[in-house]
Amino acid sequence: MAMTPIENAAEGLPKRVKIVEVGVRDGLQNEKVQVATAVKIALINRLTNAGIQSIEVGSFVSPKWVPQMADTAEVVRGLPVKPGVAYSVLVPNMRGLEQALETGCREVAVFAAASEAFSQKNINCSIAESLARFGPVIEAAQKAGVNVRGYVSCVMNCPFTGDVPAEKVAEVAGALYAMGCYEISLGDTTGAGGPLATRRMIDACARQVPVTALAGHFHDTYGMALANIYASLESGVTAFDSSVAGLGGCPYSPGATGNVATEDVVYLMQQLRIETGLDLPLLVEAGNYISTYLERPANSRIAKVLSAKQSPTITGAASSQAV
Ligand SMILES: CC(C)(COP(=O)([O-])OP(=O)([O-])OC[C@H]1O[C@@H](n2cnc3c(N)ncnc32)[C@H](O)[C@@H]1OP(=O)([O-])[O-])[C@@H](O)C(=O)NCCC(=O)NCCSC(=O)C[C@@](C)(O)CC(=O)[O-]
């Protein structure tokens, strides 16, 4: 039987997707070392030079809770204005929004959860309290002409209580969308979800929120992230969060590893003939830049392949060591 030509692989899938780079926030918030402000700015510049147009650059949260993000104001102030690039910051409350407005941010994100236990651990309040808190924050942001994105954490699994019902995720996503968030990012915080659960969860959310306003945010703890992205594409999702070099985890989700690596998502999209607008070699360079600073190899499959290809044992430059 003839092989299906690769040109047909993307049939029924979107022709273009948006990648939201979250490594500088979701990734670096979980590092044990405090990454220098200048390094964060240099990384963000490398990422936007690679074509990234939506990027989270920090969060205005309590520095006692997440000290790695304490320099967010300096990061924002150090960023050049680049046409078409949206820099975003996380804000948990009105105080965070005020700081975002003072520093000139044009986009913020509020973050809720579909699990009560995670909501308490992450932002010290119940889901209902968080939604009540976000209402005035979203309203004030919109009055200031600032776009608001919404997050729902624990969309399939909670690190403290296990499985999370899709209907609860849809309820929280619907509430954030009704309050004015332009896009709802669905976070598989633990990375424990698989493609069938993803499909069920996305389809439940799409009954409350237009599917074009949903984004997938997959951690790769169990190696399921790319499969979950594919399942989301089949359900009509056209926006995905990812972290260059697979940076990250979540300080309130013990054991969770980083987000899916941006480089790997771009490679998947290339294989599916789906446009991202991103330059893969420049992304790999950006990932290598921050990984070198963190003194470890970049955690993307693409970077590993490229580094193996450049290894002397593979190229033959040191053929005595080659197998
Ligand atoms: C939400 C709070 C602040 C509540 O914390 P709280 O203790 O309930 O708040 P509070 O109002 O009682 O204030 C306590 C202290 O925090 C200060 N404070 C209060 N608000 C702010 C602020 N905006 N900026 C700076 N400082 C602030 C406030 O001034 C006070 O300072 P003190 O008097 O003790 O010196 C706290 O729980 C917090 O900061 N949590 C951090 C949560 C966080 O950043 N988590 C990681 C991001 S979410 C995530 O990673 C998941 C996601 C989005 O990626 C998706 C996924 O994968 O699941």
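When reading the values below, keep in mind they use all heavy atoms of this one structure, side chains included, and skip hydrogens, waters and symmetry mates. In listed order, ligands and their atoms are each counted from 1.
- Comment: R301 engages D220 in a salt bridge, judged by a side-chain N to carboxylate O separation of less than 4.0 angstrom.
- Contact between K64 and ligand 1 is present, with at least one heavy atom of the residue lying under 4.0 Å from the ligand.
- The backbone N or O of Q68 lies less than 3.5 Å from no partner atom in the side chain of E31, so there is not a single donor-acceptor pair.
- Geometrically, ligand 1 and R133 share no nitrogen or oxygen pair separated by less than 3.5 Å.
- For ligand 1, the atoms sitting less than 4.0 Å from at least one non-hydrogen atom of Q99 are 22 (C), 23 (N), 24 (N), 25 (C), numbered in the order shown with element in parentheses.
- Using a 4.0 Å cut-off to heavy atoms of F60, the atoms of ligand 1 that qualify are 22 (C), 23 (N), 24 (N).
- Residue contact check: N124 has heavy atoms under 4.0 Å from atoms 6 (P), 7 (O), 8 (O) of ligand 1.
- Within the listing of ligand 1, atoms 50 (O), 54 (O) sit less than 4.0 angstrom from a heavy atom of D26.
- Per-residue contacts place H219 under 4.0 angstrom from the following atoms of ligand 1 (heavy atoms of the residue considered): 57 (O).
- Taking the six-membered ring where the residue is Trp, Y151 and H217 present perpendicular rings, their angle passing 60° and hence far from 30°.
- Comparing V152, N259, V61, V22 by heavy-atom distance to atom 44 (O) of ligand 1, the nearest is V61.
- Distances between N or O atoms of S59 and those of ligand 1 include no value under 3.5 Å.
- Counting atoms of ligand 1 from 1 in the listed order, those under 4.0 Å from a heavy atom of V66 are 41 (C), 43 (C), 44 (O).
- Close contacts of ligand 1 with G96, meaning ligand atoms under 4.0 Å from a residue heavy atom, involve 23 (N).
- Applying the under-4.5 Å side-chain rule to Ile, Leu, Val, Met, Phe, Trp and Tyr, the cluster around Y222 extends to M224.
- Proximity of A113 to ligand 1 is not established, as no heavy-atom distance is less than 4.0 Å.
- Across all their heavy atoms, A50 and L282 have their closest contact at CB-CB, 3.6 Å.
- Every N/O-N/O distance between D188 and ligand 1 stays at or above 3.5 Å.
- Considering backbone and side-chain N/O of Y151, none are found under 3.5 Å from N/O of ligand 1.
- Near S153, with a cut-off below 4.0 Å to any heavy atom, the atoms of ligand 1 are 51 (C), 52 (C), 55 (C), 56 (C), 58 (O).
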Could you pull out all donor-acceptor pairs under 3.5 Å where a side-chain atom in residues 161-179 meets a protein atom, sequence neighbours excluded?
unit_1, atom_1, unit_2, atom_2, d
K168, NZ, E171, OE2, 3.1

